Each structure stands twice: as structure tokens, then as C-alpha cells.
> 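One structure coming up, written as C-alpha cells, with questions to follow.
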Amino acid sequence: MTTRFTSPQSSVVMLYSPDGIAVSVTLPAEQAKYDQLVAEGYTTEPVAITTETAVRTGSDDDTSPPPPGEPITYKVCLRKS
């Protein structure tokens, strides 16, 4: 009788650091690396990185509209043919 050992199937798992860095780990071959990264705060959910920019007008009263601009004056030149 022959005994066969089957190795578990491997799968690739993506881990994401709190800073948004992605690392792929092959399980079960890299189980120790997976455990270490999870202990360091890596998760299987990507981190949502957003940017917000605060725009200030330079005045203390943010509710007042900006001052109107200069009116545009157009000059029309007619040529005789």
C-alpha cells in the first residue's frame, strides 16, 4: 500500500499596511510572514487614502462673498473691404 501526502493548495493573499503599502503573501508557504505583518497592523482591507484641501480667503469672515472683479470692456474694430 502506498501512502500519499497531499500538500494544501496555496493561495495569494494581499495585505495592506496602515500607510497603504500592498504586500502579497502566498499561504500556507509564507504563514510566518503573514502572521508577522498582521501583528504589525497590516489588514486584508485596502486603506482608503483621501486628500482634503482647506481653502481660505484670507479674511476672518468666511461667509462674505469675494469682491467683484473688474468689468470686461470689449473693443470692436470694423474693417472696410
Side-chain angles (χ1 to χ4, degrees):
M1 186 164 134
T2 305
T3 305
R4 291 187 182 190
F5 294 98
T6 58
S7 61
Q9 283 190 327
S10 64
S11 62
V12 176
V13 176
M14 292 299 296
L15 292 175
Y16 303 91
S17 75
D19 298 331
I21 298 170
V23 177
S24 64
V25 181
T26 304
L27 296 177
E30 297 180 296
Q31 184 67 50
K33 181 178 179 180
Y34 175 90
D35 294 339
Q36 176 188 355
L37 291 172
V38 169
E40 292 175 9
Y42 283 68
T43 65
T44 56
E45 295 295 319
V47 177
I49 298 176
T50 60
T51 51
E52 285 187 26
T53 304
V55 178
R56 310 253 330 144
T57 61
S59 67
D60 292 335
D61 182 12
D62 289 340
T63 60
S64 62
E70 293 289 321
I72 299 174
T73 305
Y74 295 97
K75 293 183 181 180
V76 178
C77 296
L78 299 175
R79 285 195 237 172
K80 291 184 180 181
S81 327

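The analysis underlying the following values was restricted to heavy atoms, covering all of them including side chains, and did not include hydrogens, waters or symmetry mates. None of the values given here were measured: they were computed from a predicted structure.
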> E45: what forms a side chain to side chain donor-acceptor pair (under 3.5 Å) with it, not counting sequence neighbours?
none

> Measuring only between side-chain heavy atoms, which start at C-beta, is L15 closer than 4.5 Å to T43?
no

> Run the side-chain donor-acceptor check on residues 20-36: report pairs under 3.5 Å with partners two or more places apart or on a different chain.
residue, atom, partner, partner atom, Å
E30, OE1, T26, N, 2.7
Q31, NE2, D35, OD1, 2.9
Q36, NE2, E40, OE2, 3.1

